[in-house]
Structures are given as structure tokens and as C-alpha cells.
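The structure appears below as C-alpha cells.
Note that ligands are numbered from 1 as they come in the structure, with each ligand's atoms numbered from 1 the same way.
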Amino acid sequence: VLGPMAAVDASGSDGKGQGVETSVTYYRLEEVAKRNSSKEIWLVIHGRVYDVTRFLNEHPGGEEVLLEQAGADASESFEDVGHSSDAREMLKQYYIGDVHPNDLKPEGGGKLLDILDFPHRRRHSLRFLVSLLHVGKQILLRRPCWSLEAYTRGSGN
Ligand code: HEM
């Protein structure tokens with residue numbers, strides 16, 4: 001039995017919630033992996049499990065891409081597409097539970113960021129790297145400010 005981590009009502013409107021009304025249903029990755037056919041498709045996105053079976057025909061990006069990720073962790077491909085906030089909002093409709101804590105694996109940035117669901121992590125760190133390179137370049141190419149000689153030589157005539 002899992003601890004009192006319950007915060008989200010995972011029972012939904014279909015009344016299939018197990019146990020208490022306000023509790024999270026946890027799924028092992030092993031169980032998720034079985035739902036990998038067009039009859040039943042589950043996906044993991046940022047530690048949450050989604051049943052996208054009824055979404056197959058409705059996905060604006062086509063069913064092919066969903067089938068490719070069926071039963072697996074689709075976090076990266078979901079982010080790579082740069083889904084709109086509308087798309088993120090839609091996720092809620094298909095949420096059925098969380099990945100079992102023992103199966104949560106760090107996603108590049110590590111567990112904490114993974115759980116915090118920080119979608120633009122990658123883009124931000126890339127921007128940071130680019131500005132670091134920029135600063136480095138400026139330092140390397142700069143004439144030393146203590147050398148007046150170098151400075152006047154550089155400024156023409
Ligand atoms: C439950 C999960 C998903 C939902 C609710 C969802 C929703 C959407 C929505 C609403 C769009 C329209 C564009 C937008 O609003 O961003 C879209 C486009 C798209 N999605 Fe998803 N999506 C999901 C999962 C995925 C996954 C796992 C992939 C990739 C493997 C994917 C690939 C795409 C692609 C390629 C497009 C097409 C973009 C275009 O044609 O411009 N989607 N999706």
C-alpha cells in the first residue's frame with residue numbers, strides 16, 4: 001500500500017476509482033507497456049499515465065505517432081513537437097494515474113524536475129549555453145584593457 005501521497009482525484013467520472021475517492025492510482029511501467037496496440041493505448045508523459053485509446057482518431061498529429069509511442073514514455077516526443085497549452089490542457093481528459101514511484105526514472109534533469117513537469121527545460125538550458133559561449137567569445141576576442149598600446153593600434157590610423 002502506498003503512502004498518503006494522494007492529492008489528485010484519479011477516480012474520474014467512470015466510477016472506476018480504486019479505494020478512496022481522492023487517491024492516485026499507480027501503474028507499473030510493466031502494466032503500461034501491455035497497452036501498446038490500437039485496441040488500447042496508454043502513454044506516459046512526465047510521470048503520468050494517459051489512456052489515449054479514444055483520442056487516436058482525434059489527435060491532430062495523427063494516430064501514427066501515438067501508435068509509435070504506445071505503452072512507452074512519450075515525454076520527449078511530446079515536448080519535441082512543442083505542443084500548445086491547449087494540447088497540455090487536453091492531457092487531463094486522458095489522465096488515469098501516475099507511474100509507480102519505484103518506476104520513476106530521472107529524465108535527463110533528474111527526478112525533481114521530472115515531477116515538477118517543467119516543459120521548457122531543454123530550451124532554457126540551450127539558451128543558457130549559447131549565452132555562455134557568447135560571453136566566452138567576447139572575453140577571448142577582447143583586447144586587454146590595460147594595454148593602451150594595443151587599444152590605439154586597434155582603433156585605426
Ligand atoms: C495525450 C497526448 C497528446 C495530446 C493531448 C496531443 C494533442 C495535440 C494537439 C492538440 C495538437 C495540435 C497542435 C497543438 O495544439 O499543439 C497536436 C499536434 C501534434 N502532435 Fe500531439 N498530442 C499528444 C501526444 C502526442 C505525441 C506522444 C506525439 C509524438 C509522438 C505527438 C505528436 C504530434 C504532432 C507531430 C503534431 C502535429 C503538429 C502539426 O501538424 O503541426 N502528439 N497534438
Side-chain angles (χ1 to χ4, degrees), residues 1-139 141:
V1 179
L2 292 154
M5 303 170 74
V8 187
D9 184 355
S11 60
S13 51
D14 56 5
K16 277 201 296 190
Q18 294 152 9
V20 211
E21 216 173 63
T22 52
S23 69
V24 177
T25 309
Y26 289 101
Y27 296 100
R28 306 304 304 239
L29 289 182
E30 194 184 306
E31 299 175 62
V32 178
K34 289 179 198 157
R35 277 59 178 221
N36 63 355
S37 72
S38 54
K39 280 186 192 145
E40 201 178 13
I41 292 199
W42 290 8
L43 295 178
V44 173
I45 299 175
H46 300 311
R48 303 203 175 104
V49 183
Y50 300 94
D51 180 347
V52 293
T53 313
R54 64 199 157 93
F55 180 58
L56 260 197
N57 312 321
E58 296 165 28
H59 182 222
E63 56 184 312
E64 199 61 32
V65 286
L66 295 185
L67 278 161
E68 258 168 43
Q69 306 289 325
D73 191 322
S75 310
E76 260 196 62
S77 24
F78 184 83
E79 294 304 341
D80 284 346
V81 172
H83 279 95
S84 65
S85 46
D86 278 353
R88 286 166 203 285
E89 197 63 28
M90 286 173 76
L91 282 177
K92 288 180 191 164
Q93 300 175 42
Y94 307 103
Y95 173 78
I96 55 170
D98 287 1
V99 171
H100 190 285
N102 290 356
D103 282 352
L104 274 180
K105 50 175 187 278
E107 211 180 87
K111 258 184 194 167
L112 186 62
L113 280 177
D114 187 7
I115 289 162
L116 287 176
D117 199 1
F118 187 23
H120 301 304
R121 195 163 82 227
R122 224 175 333 206
R123 224 166 293 159
H124 276 291
S125 52
L126 196 76
R127 230 174 265 162
F128 175 70
L129 239 167
V130 167
S131 55
L132 252 186
L133 280 174
H134 191 70
V135 169
K137 189 194 92 185
Q138 298 232 306
I139 290 172
L141 296 183

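Residue contacts with ligand 1: V52 is included, with a non-hydrogen atom under 4.0 Å away. Heavy-atom separations between Y50 and ligand 1 are all 4.0 Å or longer.
Within ligand 1, the atoms closer than 4.0 Å to a non-hydrogen atom of L66 are 24 (C), 25 (C), 26 (C), 27 (C), numbered from 1 in the order shown. Within ligand 1, the atoms closer than 4.0 Å to a non-hydrogen atom of S77 are 29 (C), 30 (C), numbered from 1 in the order shown. Residue contact check: A74 has heavy atoms under 4.0 Å from atoms 27 (C) of ligand 1. With ligand atoms numbered from 1 in the order given, ligand 1 contributes 30 (C) to contacts under 4.0 Å with heavy atoms of Q69. Heavy-atom proximity to F55, at under 4.0 Å, picks out these atoms of ligand 1: 3 (C), 4 (C), 5 (C), 6 (C), 7 (C). The M90 neighbourhood of ligand 1 comprises atoms 5 (C), 10 (C), with distances under 4.0 Å to a heavy atom of that residue.
Going from atom CG of D98 over to atom CG of D103 covers 12.0 Å, rounded to the nearest 0.5 Å.
Side-chain contact between F55 and M90 is present, with at least one heavy-atom pair separated by less than 4.5 Å. With contacts defined as side-chain heavy-atom distances shorter than 4.5 Å, the pair R54/Y94 qualifies. No side-chain heavy atom of T25 sits under 4.5 Å from any side-chain heavy atom of I96. Contact check for S38 versus E63: no side-chain heavy atoms found under the 4.5 Å cut-off. The shortest distance between side-chain heavy atoms of V52 and H59 does not fall below 4.5 Å. Between I45 and Y95 the shortest side-chain heavy-atom distance does not fall below 4.5 Å.
Selection from I41, V81, L91 by nearest heavy atom to atom 32 (C) of ligand 1 gives V81.
The distance criterion of under 3.5 Å between nitrogen or oxygen atoms is not met by Y94 with respect to ligand 1.
Atom 16 (O) of ligand 1 has its closest protein heavy atom at S84 N, 2.8 Å. In this structure, atom 11 (C) of ligand 1 lies nearest to the protein heavy atom P60 CG, 3.4 Å. With hydrogens left out, the protein atom closest to atom 36 (C) of ligand 1 is G61 CA, 3.3 Å, a heavy atom.
Residue E68 qualifies as enclosed at atom CD: its count of foreign heavy atoms under 6.0 Å is above 12.
Distances from atom 13 (C) of ligand 1 to the protein include no heavy-atom value under 4.0 Å. Counting protein heavy atoms under 4.0 angstrom from atom 39 (C) of ligand 1 gives zero.
With atom 21 (Fe) of ligand 1 as the vertex, NE2 of H83 and NE2 of H59 span 180° to the nearest 10°.
A donor-acceptor pair shorter than 3.5 Å can be found between the side chains of D51 and T53.
Considering V44, V32, I41, L91 in turn, L91 is the only one that fulfils the side-chain contact (heavy atoms from CB on, under 4.5 Å) rule with Y50.
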